[in-house]
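Indexing begins at 1, ligand by ligand and atom by atom, following the structure's order.
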Amino acid sequence: MFAGQSLVDDYTLQIFSSDVAYYAFLVPALLPAFICFYFVIWLGHEKMANVDAIPGFLATSFPGLPVEVKDYIAAILKENASEMVSVDEIFSAVGDHLIANVENLGDDVARRVCEQFMKMLHGDNVPVSAKQVATTRKLEQTVDMAAQKDDFRDRESIWKLQTRDTPTIVDKDKLKKAEAKTMDKAVAREGVPVVKRKRQEILATASQAANRREQSGAGQNSLNVALESVDISIGTKQLLSSANVTMGYGRKYGLVGRNGIGKTTLLKMISCGQLRIPPNILMLSVEQEVEGDDTRVLDSVLSSDVKRMEMLEKEKILQERLNKSGLSDAEKNKHNTELAKLYADMEASGMDKAPARAASILYGLGFDPDEQKKPTKEFSGGWRMRVALARALFVKPDLLLLDEPTNMLDMRAVYWLEGYLQQWEGTILTVSHDRKFLNEICTDIVHLHTRRLDQYKGNYDLYEKTMKEKLTQQQREYEAQQQLRGHTQEFIDKFRYNAKRAAMVQSRIKMLERLPVLQSVEIESEVHFHFPECEELSNPVLILDDVGFRYNAESPFIFRKLNLGTHAQSRICIVGENGAGKTTLLKLLLGDLDPSTGIRHTNRRLRIGYFTQHHVDQLDMDQTALEVLTTNHPGRTQEEYRASLGRFGIIGDTALQPVYTLSGGQKSRLAFANIAMAKPNYLIMDEPTNHLDVETVEALGKALNKFNGGVVLVSHDEQLISLVCRELWVVKDRMVSNLEGGLEEYRKQVYKQLQLAA
Ligand SMILES: *[C@@H]1O[C@H](CO)[C@@H](O)[C@H](O)[C@H]1NC(C)=O
Ligand SMILES: *[C@@H]1O[C@H](CO)[C@@H](O)[C@H](O)[C@H]1NC(C)=O
Ligand SMILES: *[C@@H]1O[C@H](CO)[C@@H](O)[C@H](O)[C@H]1NC(C)=O
C-alpha cells in the first residue's frame with residue numbers, strides 16, 4: 001500500500017462530495033498538485049536513497065517554485081541528511097518553505113512530499129522511529145482553497161518563526177533570497193484588492209493516535225475517555241496539534257478558549273466520530289434543535305430512549321400474540337412467561353417513572369404541563385433546542401457534549417440546569433461563555449490555546465487564577481532555554497573546526513541534544529472594547545408614559561399601563577422568562593412598535609444603536625468586515641473604518657476576510673463596530689453575549705460601563721448584568737417592575753420558585 005495512492009483517492013472523494021458547482025473551479029487550482037501526486041506515485045517505486053534527485057523532483061513537481069527556494073530546500077536536506085531521520089524533522093525544516101511558495105499547497109500535502117524526501121534521503125532504510133510517526137499520524141485530506149488563502153497570514157508567521165531557527169550552515173544569501181521571495185508573494189497576495197471569493201464549505205479534519213489501552217484490550221469497560229495526539233485542521237489552518245485530553249468518568253469539563261480558536265470544531269469532531277470514543281461509552285451531543293412536527297413535546301423526549309421504545313414494542317407484540325384465538329396452553333404459558341420477564345425488566349429500568357422524569361426535565365427547562373402536550377411544530381427554534389437538550393438529559397448518556405447550552409435559556413432555566421448537571425452522574429464536556437455556569441458545574445477546565453489542550457482542576461475562577469501564572473512561567477522558561485541554545489550554538493559554530501576544543505564542542509552538542517523540547521507559548525492579549533464618546537443628552541431621554549400594547553384590537557394586551565423612564569446614563573438590564581415579553585418591550589422602547597395606548601416620549605437628539613443576534617445573522621456573508629462598514633457608512637476614510645473595527649479587536653487581516661469565515665464571536669464584534677460607527681448616544685442590546693467568550697463578555701461589560709450614553713440590555717449572563725446593571729427591570733405577568741435589590745434579589749426569587757416547583 002502506497003501513501004500517494006490513497007491521497008489521490010481522498011482528493012477525488014472530497015471533490016465529488018463537495019458541491020459540483022465548485023468542481024470546475026477546483027480543477028485548474030489543483031492541477032499542479034495533481035501533477036505532483038503522480039510524480040510522487042512514480043517515485044514511490046524507487047527503492048534506493050537518491051539525494052541528488054531532489055532538485056529535479058522539485059523542479060518537475062513544482063514548476064512555479066522560485067529557484068532560490070528550490071536550491072535552499074535541496075541544500076538543507078542534503079547537508080543534514082544524516083540527521084533528518086523522520087518525516088517530522090524534514091517537515092519542520094522545509095515544510096513551511098514549500099507551503100509558503102507553492103500556491104494551494106496544504107500542510108497535509110506538504111507532509112506527503114516530505115515523506116518522499118524521506119525516501120529520497122534514506123531509501124527503504126527508513127529508521128524505525130520515523131515509521132512509527134508515519135503510522136500514528138494519519139492525516140486526512142481536505143480541499144478548501146478559500147480557507148487556504150485566508151490562512152496565509154498564519155503561514156507567514158510560521159515562516160518567520162521557522163527561519164529564526166533554521167541552520168546557519170546553509171548559505172545565508174540563499175536563505176535571504178528565499179525569504180525575500182516568500183515575503184514578496186505574501187505582500188502581492190495580501191495587497192490585492194479584495195475580490196469576491198466563491199464561498200465554500202470549510203471542511204475540518206481530525207486525527208488521533210490509536211488509543212493504547214484500546215489496543216492492548218485492557219480497561220475496555222472503563223468509562224474514562226483519553227484522546228491522544230489529536231490533530232485538527234480546517235483547511236490548512238491547524239487548530240490542534242498533538243493535543244491530549246483525558247476525561248475521568250463523572251467529571252464535568254468546561255472547554256474554554258478564545259473565539260474562533262476551535263472549541264466548537266473539537267466538539268463536532270468528537271460527536272461526528274472523527275475522533276474515536278471507546279464504543280462502550282454512550283455519547284450524546286446537543287447540536288441541533290428537534291424538528292418541528294406533530295409529535296408532542298413529551299413524546300419527543302420519551303422516544304429518545306431507544307431501549308425503552310424497544311421494550312414497549314416487544315410488549316405490544318406479545319400482547320397481540322396472546323390475544324389471538326386458538327392458542328394452546330403451552331403457547332399461552334410461554335408468552336405469559338416472556339411477558340412477565342419483560343415487565344420485570346421494565347420495572348428494573350424504572351420505566352414506570354420515565355414519563356414523570358421526562359416531564360420534570362421539560363418543566364425545569366421551561367415547558368409547563370400544557371405546553372408539554374403540544375406538538376413540537378408549535379414552538380420556535382429556541383424552544384425546540386430546549387427539547388433537544390431535554391432529550392439528551394433524559395437518555396443519561398455516559399458522555400454528554402454541550403455547546404453553549406445556556407444560549408437559548410432564560411435565567412430560571414439556567415439555574416435549573418446548573419442544579420441538574422451538578423447531580424449528573426456521567427461525564428460532561430461543555431463549551432460555554434457563561435462564567436457563572438462554568439463555575440457552578442465544572443470540576444475541571446480544558447483550555448484550548450496554542451494548538452493544544454491544557455487541563456486544570458477546579459472551576460473557572462480557579463482556572464483563571466492559575467492559568468496566567470503558569471503560562472507566563474512557561475514562556476519565561478522557553479525564552480531562557482532559547483537563549484542558552486543560541487549561545488551554545490554560537491560556541492559550537494565558532495570552534496567546530498578547532499581541534500583543541502573538539503571535546504568541548506562535543507560536550508556542548510550533547511548538552512543541546514539533552515535539553516528538553518519546550519514550546520513557545522502565545523499568551524493571549526487582553527481584550528478591550530471601546531464605544532466612542534457621544535454628546536450628552538439632557539433629560540428626559542426615553543420615556544414610556546402609561547403605555548399599553550396589543551397587536552390588534554381583538555388580541556389581548558401584552559402590556560398595560562407601563563410607566564418607565566430612562567435617562568442619559570441609564571444602565572438598565574431587563575430579565576424575565578422567555579416569552580414574557582422582553583423583546584416586545586425592547587421594540588416599544590426602540591419605537592419599532594407603536595403603543596396601543598399611552599405615549600412614548602423621546603429626546604429629539606436621541607440616537608439609538610441597536611444590537612440583536614438577528615443583525616449578526618443578516619450581515620452580508622460575502623463581504624469583508626471592512627466592506628460591511630464601507631457599505632453601511634459610506635463616505636468615511638479608510639482610517640475611520642479601520643479604527644472602528646480596531647475598537648472591537650478586529651485588526652489586521654481579519655478585517656479583510658469575508659464574514660462567512662469569521663467565528664460567531666468575531667461576527668458579533670463586527671456588529672458592535674458597525675453600531676459604534678453611527679456614534680449612538682444610547683445603546684439597546686438584546687442578548688449580546690451569545691457567541692462571545694468569557695473574557696470578551698467582560699470586555700463588553702467594561703466598555704458599556706465606560707460609555708457615556710445610556711444602556712438598556714436584555715441578558716441572562718450574570719457576569720454582564722453584574723458588571724453593567726444599575727437598575728433591574730423584571731418582565732412578568734404583563735408587568736415590568738423595577739426590582740429593588742437588583743440581581744441578588746432576583747436570583748433569590750428564582751431559586752425560591754425552583755424549590756417550590758420541586
Ligand atoms: C543541519 O546541520 C547543521 C550542522 O551540520 C546543524 O547545526 C543544523 O541543526 C541542521 N539542521 C537541521 C534542520 O537539522
Ligand atoms: C501528547 O501526548 C503525546 C504522546 O504521549 C506527546 O508526544 C505529546 O507531546 C503530547 N502533547 C502535548 C501538547 O503535550
Ligand atoms: C388484547 O386484549 C385485551 C383484552 O381483551 C385488550 O385490552 C388489549 O387492548 C388487546 N391488545 C392488543 C394489542 O390487541
message: Check whether Phe91 forms a cation-pi arrangement with Arg111 (NZ or CZ under 6.0 Å from the six-membered ring centre, at most 45° off the ring normal).
response: yes
query: Any heavy atom of Ala243 sitting closer than 4.0 Å to ligand 2?
result: no
- prompt: Can you find an N or O of Ser242 that's nearer than 3.5 Å to an N or O of ligand 2?
  reply: yes
message: Could you check whether Lys470 makes a cation-pi contact with Tyr456, meaning its NZ or CZ is under 6.0 Å from the centre of the six-membered ring and within 45° of the ring axis?
response: yes
task: Taking only heavy atoms of Ser229 into account, list the atoms of ligand 2 that are under 4.0 Å away from them.
output: 3 (C)
- prompt: Going by an N to O cut-off under 4.0 Å, is there a salt bridge joining Asp231 and Arg451?
  reply: no
message: As a check for students: among Asn244, Leu453, Thr450, Leu227, identify the option with a heavy atom nearest to atom 14 (O) of ligand 2.
response: Asn244
field: Ring-face cation of Arg669 near Phe648 (centre distance under 6.0 Å, axis angle within 45°)
entry: no
